[in-house]
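Worth knowing before you read on, the calculation uses all heavy atoms, side chains too, and leaves out hydrogens, waters and symmetry mates. Atoms within each ligand, like the ligands themselves, are counted from 1 in listed order.
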Amino acid sequence: MLKSCCIYSTGLLSILVLIAGIALVLSHVFPTALNNRIKNEVVLENGTEAYAVWQDPPAPVYMQFYFFNLTNPGEMLKGERPAVMEVGPYTYREYRPMENVTFMENGTKVAAVNPKTYVFEPNMSRGSEDDLIRTVNIPAVTVMEMYKDSMFAWAIADLMTGFNVELFVTRTVGELLWGYEDILLKELKKLKPSLDPYFGLFYKMNTTDDGEYVFFTGKQDYRDFARIDQWRGNSSLDWWNTPECNMINGTNGASFHPIISKTERLYMFSSDLCRSIYATFESELSVMGIPAYRFVPPSEVFANKTVNPDNAGFCVGNYCLSSGLLNVSVCKQGAPIIMSSPHFYQADDMFAQDVIGMHPNKEEHQTAIDINPLTGMVVQAAKRLQVNVFVEKLSAFTLTGNVRTLVYPVMYLNESVLIDADSAKKLGAVVQEANVVINIPFMVIGLGVLLGVVFMLLLCCLRTPQSTAAERQPLLES
Ligand SMILES: *[C@@H]1O[C@H](CO)[C@@H](O)[C@H](O)[C@H]1NC(C)=O
Ligand SMILES: *[C@@H]1O[C@H](CO)[C@@H](O)[C@H](O)[C@H]1NC(C)=O
Ligand SMILES: *[C@@H]1O[C@H](CO)[C@@H](O)[C@H](O)[C@H]1NC(C)=O
Ligand SMILES: *[C@@H]1O[C@H](CO)[C@@H](O)[C@H](O)[C@H]1NC(C)=O
Ligand SMILES: *[C@@H]1O[C@H](CO)[C@@H](O)[C@H](O)[C@H]1NC(C)=O
Ligand SMILES: *[C@@H]1O[C@H](CO)[C@@H](O)[C@H](O)[C@H]1NC(C)=O
Ligand SMILES: *[C@@H]1O[C@H](CO)[C@@H](O)[C@H](O)[C@H]1NC(C)=O
Ligand SMILES: *[C@@H]1O[C@H](CO)[C@@H](O)[C@H](O)[C@H]1NC(C)=O
């Protein structure tokens, strides 16, 4: 009597546990609890860990520059294809703390500036900042493009001849990046005092910020965590950051963006491109043992008339600047600068074919951002961009010789970050814990099934003694 009572309670318990398990699965209690916990943690509030990471990112960010050294300037002037040799990397460690942090609107938004400091890393570089690079004279090309149709073109041309300005310059890596006094700009400054006689691809970028950003803290909606609300370009008139280049939308480089799904469009803001670009899911991978989704910008993200109206109407030969290139002239003070992926990866083939030495490949030249889908934390990222200059023969300027119309590659950069070991360990623990928590309802169901099996076995055992006795009888008789 007691025995069968025990057995039937096991059966009942099994059914109850099964129901509970199924209810837990259907009600999403555990995933919701987990999300709530993550929600509470990913908010920018003085004192939270997320705030500490956002304010002073622990993972080292490296900026690597690769230059294209022109080997045949004479032939290029005669109209032949330029032949370039890639040199580098010239690697800089980037320090990028948030400063002047001010919370606004009841803690739903936070304003800050993000100055970047670049420190040369000789051990991670091939070559030094004193290496000489021969490339196109960007200030000269800019001035010529500006005045090509002007009535002063001849005067500018005379000035250039007088000062021996050539289509090419040979300068050190340090000068090309951080600035040098350009003879032509210095002379033009006499006519236009507001002009800055210095030129450099990253001139005035060291230790300076690119204006105030306003971020969402995630307090109102955790999905907005660290998303950029506004960016006001500073009014300094350097070549690379001007107020016209207002950002539209986007998340900042290395931050959280909780609960990422494969269908998500990830908006990333890039002040180099003067706009936000987006990336879409590409593949699943594991970074330092942490599961991640890789997002990459789809090929149409660059220069497509809808995305960038400035590209409309720009054609080289039969091809229009429609695939893989971005005319950023407007936000580079009129300099004929065109951005692309390194080696014209994903751009029209003709651009790579116009320059000897271009070898585009996906692994090395794509921009990619790897995000842990559970927490939305960026575990690895590489932003890769190439700076090109548009050159063409201009009849008003003899120094352009017979140069063919082309998009000339000056250099490309790879700005990358990999999660630091300490954060990886913490994140790994969170992922592990989440896996366990998510699986609790299934474990409960498993327990129910197990109890059911035990119940069946017990039921059989209870019956067996009688049946075996009944069956053995005839056996014993024969
Ligand atoms: C954060 O709190 C610390 C100490 O409580 C204080 O010194 C600091 O100014 C606060 N920061 C902000 C941005 O409010
Ligand atoms: C801040 O909170 C107070 C009280 O909750 C409210 O009256 C006020 O409108 C809020 N201000 C903003 C800018 O949201
Ligand atoms: C940038 O500024 C920092 C601090 O002033 C300095 O240590 C560093 O060498 C500078 N980097 C470059 C490339 O000039
Ligand atoms: C680039 O080319 C110039 C001119 O040929 C040469 O002097 C220089 O050493 C080259 N730079 C590098 C880094 O190879
Ligand atoms: C801004 O981002 C949101 C998602 O965060 C997106 O829905 C919207 O289309 C974006 N707007 C622009 C102009 O890119
Ligand atoms: C331009 O991009 C938009 C949105 O990204 C897309 O819908 C459209 O098809 C693209 N147009 C061309 C010509 O590729
Ligand atoms: C780039 O855009 C500017 C204006 O936005 C235009 O004047 C210039 O011709 C364009 N460059 C090329 C190479 O098409
Ligand atoms: C950056 O990208 C280049 C190629 O584009 C690659 O050679 C280099 O290893 C990358 N750097 C890092 C730190 O991943």
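In this model, a donor atom of one side chain and an acceptor atom of the other lie less than 3.5 Å apart for Ser340 and Asn388. For Glu166 and Asn164, the side-chain atoms include no donor-acceptor pair closer than 3.5 Å.
Close approach to Leu132 involves these atoms of ligand 4, each under 4.0 Å from a residue heavy atom: 1 (C), 8 (C), 10 (C), 11 (N), 12 (C), 13 (C). Atoms of ligand 4 found under 4.0 Å from any heavy atom of Asn69 (numbered from 1 in listed order, with element): 1 (C), 2 (O), 3 (C), 8 (C), 10 (C), 11 (N), 12 (C), 14 (O).
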Distances for all N or O pairs of ligand 1 and the protein under 3.5 Å?
from: ligand 1; atom 1: 2 (O); to: Asn46; atom 2: OD1; distance (Å): 3.4
from: ligand 1; atom 1: 2 (O); to: Asn46; atom 2: ND2; distance (Å): 2.4
from: ligand 1; atom 1: 11 (N); to: Asn46; atom 2: ND2; distance (Å): 2.8
from: ligand 1; atom 1: 14 (O); to: Asn46; atom 2: ND2; distance (Å): 3.4

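Contact of the Glu45 side chain with the Tyr51 side chain is not registered, since no non-hydrogen atoms from C-beta on lie closer than 4.5 Å.
Taking the six-membered ring for Trp, Tyr92 and Phe120 have ring centres closer than 6.0 Å. The ring of Phe68 has its center closer than 6.0 angstrom to the ring center of His343.
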Can you give me every donor-acceptor pair (side chain of residues 418-428, partner residue at least two apart or in another chain, under 3.5 Å) with its distance?
from: Asp420; atom 1: OD1; to: Ser423; atom 2: OG; distance (Å): 2.8
from: Asp420; atom 1: OD2; to: Ser423; atom 2: N; distance (Å): 3.2
from: Asp420; atom 1: OD2; to: Ser423; atom 2: OG; distance (Å): 3.0
from: Lys426; atom 1: NZ; to: Glu49; atom 2: OE2; distance (Å): 3.1

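Using a 30° and 60° split on the angle between ring planes, Phe67 and Phe65 fall in the tilted class, from 30° to 60°.
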